[in-house]
Structures are given as C-alpha cells and as structure tokens.
Q: 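Once you've had a glance at the structure underneath, I'll fire off some questions.
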Protein chains: 2
Amino acid sequence: MIPSDKFLESKGVRPTAMRLLVFQHLAKSKVAKTLSDIENAFAKADRTTLFRTLKTFEQKRVVHQIDDGSGIMKYALCEEGCNCELERDLHLHFHCTNCGETICLTEQKIPHINLPDGFVAENANLVLKGICDKCSG
Amino acid sequence: MIPSDKFLESKGVRPTAMRLLVFQHLAKSKVAKTLSDIENAFAKADRTTLFRTLKTFEQKRVVHQIDDGSGIMKYALCEEGCNCELERDLHLHFHCTNCGETICLTEQKIPHINLPDGFVAENANLVLKGICDKCSG
DNA sequence: GTAATAAATGCACTTCCATTGCATTGCCCT
DNA sequence: AGGGCAATGCAATGGAAGTGCATTTATTAC
C-alpha cells in the first residue's frame, strides 16, 4: 500500500495536511461524498479550501465528480490507472433513492453507443437510480 | 396533427394561454430548453409560472426533465406514448460541449445493465457529451 | 346571471450550493 | 533568513430551485 502523501505527489498534488485528510476520508468511504459531507467530517474545515482541494484533485485525476441527479455534486476517488475522460474508462454510478447514497460501480463500464452521423462522443455519464444492496436486503 | 389544446386536455392539463405557448415553443424546438431559455422566449413571462407549468407538464408526462450535467435543468417534450419512468422507455441525451445544446436521441435506448446482487434499478439517466452534428459539420 | 369554489398566475422572498476576491498564512527553494 | 509562490480562510456574490401569499381567471353550483 503506497502512502497517501507519496501517492498525491505522484499525481502532482502537494500533500498538505488538509489534502491528506480529505484523500484518506474519501479512500475510507465506499460511497461518493458531497462537499458538505466532507465539511462535516472535519470540525475545523473551511468550505472553500475543501472546494478548491477537490477541484485540484479533479484536475490531477485523483477524484472524479459525479452528478447523480440529486442536484448536489459528489466526489469519489478515481481507480488506479483510470483515465476518467476517456469513454472506455467510464464506469457508471448507482444512486439509491432510499438512502440517498451514490456508489461507483467500477466493474460495470458504460456500453458503447452507436450515434447518428455527425455526433462525436467524448464523454459519458450514466446514473442508475433505484434501491441499493444495503437497502434492499 | 392533433391541436395543442386537445392534446394537453388528453394529458389532463388545462390548456391555458401560457401553457399552450410553452407547449408549442417546446414542440417547435429540437433541443431541450432551460427555464431561462423559455423565459427569454416570451417577453411577458413570469419565472414562477413557467416553473410551475413545467412541473405540471412533467407530472402529466407532457415533458421530461433532463439533467445533462451543465448544472441547469432542461426540458423537452415526451414522445408520443412514452412512459418516461420505465427503464425500457428511457432514451439518452446528447450534450454538445461546443454549442451547449442538449438533444434527445429518442431512437437510442439505454442498454440494459446487469447489476450486482441486491441492486434494483428503477430509472436511468445517460448523457453523452461531445460534439453534435451541427458543430462537427 | 351570480355566487361560491377551485385553479392558475405574478410578485417577493428564501434557500442552497457553487464559485470568486482578497488578504493572510505556510511551505519550499536559494 | 528571505523571496516567492501555493494554499488557506473569511466574506461576499451569483445562479437556479423552490415557497408563501395575494390576485386574477376560469369552472361549477345555484
């Protein structure tokens, strides 16, 4: 297991104390988190810092942003070696309408779609909504 | 071609003047519209009325709401006979990163996805992003 | 036709999240 | 140690969604 600070450095992100905390918080979590989730996890955190931390993480491909249709952006760690912008690497997300949590289904890739002439897809976002394994059990 | 007012009545929506205008505006357009788009199309329109008109339309399955990831909800007419909430009826949307427009690709349905045990999908949203036919031509 | 009722509209206001400006602090490199 | 850039914290803004309430318009009952 590569240490968090080395990992962030390898991604071109300076491993400050706050960034390490945010990274480890996301790493521990199996579900995508909102900015507020993260803010509430640390008593002394500032929204803006977290916001910019996540923006930086996103640019450096440490996390990806998920719009699950709830109206609030969520963030989750990228998989190792993933190249979030490439269509082939895009996994889908599951949003549970019961508990409100959003889960990366990293095993399931978005199927290729044949588009009409003239359309060139560069990116895709697929969110399934329903009941998650915990809530249906 | 069934008249707009009869159509709205058949959907259980009272065909007021404003509602007819909004309906026809959407019918003329090939792309999904934001609330602001519609507001700007009519000089004397009130945001709230339009907002509630669209909510009503949505409930009565006259329009469907599209979250294309731009952060602003868009609206487009439902196809005839469509049952927007059913997974099999879900078409996908294409968001052009050049012109910003969002298009319903009603011919393309969202492929069925096999989910892990315990997950039950009720709904799906698939948005492809890239360059549309007009911008690539 | 008129009164009573319900639906739709318009204005003002609130809320929530995303985002930016700016001053300050902290880190790194020489 | 000092200069410079990156990161941080606070305050404020912006944009869109949504709500409350009074007013107007349409529908129904009498």
Side-chain angles (χ1 to χ4, degrees), chain A residues 4-6 8-25 32-60 62-76 95 100-102 125, chain B residues 4-6 8-25 32-60 62-76 95 100 102 125 127:
Chain A
S4 302
D5 56 344
K6 296 297 175 198
L8 289 183
E9 272 177 7
S10 77
K11 292 281 191 173
V13 176
R14 275 195 4 208
T16 65
M18 200 67 229
R19 286 173 175 180
L20 285 168
L21 283 174
V22 171
F23 175 76
Q24 284 160 7
H25 181 69
K33 298 283 188 189
T34 66
L35 223 189
S36 296
D37 286 341
I38 300 170
E39 190 183 10
N40 294 334
F42 309 110
K44 269 190 64 72
D46 179 75
R47 280 191 77 77
T48 311
T49 303
L50 294 175
F51 174 76
R52 285 196 263 238
T53 294
L54 290 167
K55 274 273 170 290
T56 303
F57 279 8
E58 202 191 344
Q59 278 172 5
K60 300 305 173 91
V62 175
V63 304
H64 58 276
Q65 213 180 22
I66 306 161
D67 180 353
D68 62 9
S70 66
I72 309 168
M73 281 299 173
K74 298 189 177 172
Y75 302 87
H95 178 66
E101 291 197 334
T102 296
N125 181 38
Chain B
S4 302
D5 57 344
K6 296 297 174 197
L8 288 183
E9 270 176 8
S10 78
K11 291 280 191 175
V13 176
R14 280 200 352 213
T16 66
M18 199 66 228
R19 285 171 177 181
L20 285 168
L21 283 174
V22 172
F23 176 75
Q24 284 159 8
H25 182 68
K33 298 284 186 188
T34 66
L35 223 189
S36 296
D37 287 340
I38 301 170
E39 190 184 9
N40 294 333
F42 309 109
K44 270 190 64 72
D46 179 76
R47 282 189 74 79
T48 311
T49 302
L50 294 175
F51 174 75
R52 285 195 263 237
T53 294
L54 291 167
K55 274 272 171 290
T56 303
F57 280 7
E58 203 191 343
Q59 277 172 6
K60 301 304 173 90
V62 175
V63 305
H64 59 276
Q65 213 180 22
I66 306 161
D67 180 354
D68 63 9
S70 65
I72 309 167
M73 281 299 174
K74 298 188 177 173
Y75 300 88
H95 178 67
T102 297
N125 180 39
V127 179

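Basis for what follows: all heavy atoms, side chains included, without hydrogens, waters or symmetry-related copies.
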Q: Given atom CG of A:L35 and atom C1' of C:dC16, what is their separation to the nearest angstrom?
A: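 Checked: the CG to C1' distance equals 12 Å.
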
Q: Expressed as a whole number of angstroms, how long is the span from A:D46:CG to C:dT25:C1'?
A: 13 Å

Q: Please examine the side chains of B:K11 and B:F57, heavy atoms only from C-beta on, and report whether any two atoms are closer than 4.5 Å.
A: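 They are not in side-chain contact.
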
Q: Which is more 5' along DNA chain C, the nucleotide nearest B:A17 or the one nearest A:R14? Just name the residue.
A: B:A17

Q: Within the structure shown, what part of the strands sits under 4.0 Å from A:T16 by heavy-atom distance: base, sugar-phosphate, or nothing?
A: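 Result for A:T16 = sugar-phosphate.
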
Q: Please work out if B:K44 contacts a base, only the sugar-phosphate, or nothing of the nucleic acid, heavy-atom cut-off 4.0 Å.
A: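 No contact at all - B:K44 keeps every heavy atom at 4.0 Å or more from the nucleic acid.
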
Q: How many Å lie between CD1 on A:I72 and C1' on C:dT15, as a whole number?
A: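 It works out to 12 Å between those atoms.
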
Q: So for B:T48 and C:dC11, does any side-chain atom that can act as donor or acceptor lie under 3.5 Å from a complementary atom in the base?
A: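 For B:T48, whose side chain was compared with the base of C:dC11, there is a donor-acceptor pair (under 3.5 Å).
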
Q: Round to a whole Å and report the spacing from CG of B:L20 to P of C:dT9.
A: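 These atoms are roughly 10 Å apart.
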
Q: Take the protein atom CG of A:N40 and the nucleotide atom P of C:dC17, then report the distance between them rounded to whole Å.
A: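 Computing the A:N40:CG to C:dC17:P distance gives 10 Å.
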
Q: Taking all non-hydrogen atoms of both residues into account, name the closest pair between A:A32 and A:D37 and its distance.
A: O-OD2, 4.4 Å

Q: Does B:R52 get its side chain close enough to the base of C:dG10, under 3.5 Å, for a donor-acceptor pair?
A: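 Looking at the base of C:dG10, it does pair with a donor or acceptor on the side chain of B:R52 (distance under 3.5 Å).
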
Q: Test for a donor-acceptor pair under 3.5 Å between the base of C:dG26 and the side chain of A:R19, counting only N and O atoms.
A: no

Q: Determine the minimum heavy-atom distance between A:D68 and A:I72, stating which atoms define it.
A: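 Heavy atoms of A:D68 and A:I72 come nearest at OD1-O, 4.1 Å.
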
Q: Under the 3.5 angstrom rule, does the side chain of A:K33 hit a backbone N or O of A:I38 as a donor-acceptor pair?
A: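 No, the answer is negative, given that no donor and acceptor are paired below the 3.5 Å cut-off.
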
Q: Grab the CD-P distance between B:Q59 and C:dA7 for me, whole Å please.
A: 13 Å

Q: Contact boundaries of DNA chain D with chain A (under 4.0 Å, heavy atoms), 5' to 3'?
A: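 The contacted stretch runs from D:dA6 to D:dA11.
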
Q: Round to the nearest Å and state the distance from A:L8 atom CG to C:dC27 atom C1'.
A: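 In whole Å, C:dC27 C1' lies 16 Å from A:L8 CG.
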
Q: So which atom in B:K60 and which in B:G12 form the shortest heavy-atom distance, rounded to 0.1 Å?
A: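 Taking B:K60 first and B:G12 second, the nearest heavy atoms are NZ-O, 3.1 Å.
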
Q: When the distance from CD of A:Q65 to P of C:dT19 is rounded to whole Å, what number comes out?
A: 7 Å

Q: Can you check whether B:E39's main-chain N or O pairs, donor with acceptor, with B:R47's side chain at less than 3.5 Å?
A: no

Q: Heavy atoms only: give me the nearest B:L20-B:S4 pair and the separation to one decimal.
A: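 Residues B:L20 and B:S4, closest heavy atoms: CD2-CB, 3.6 Å.
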
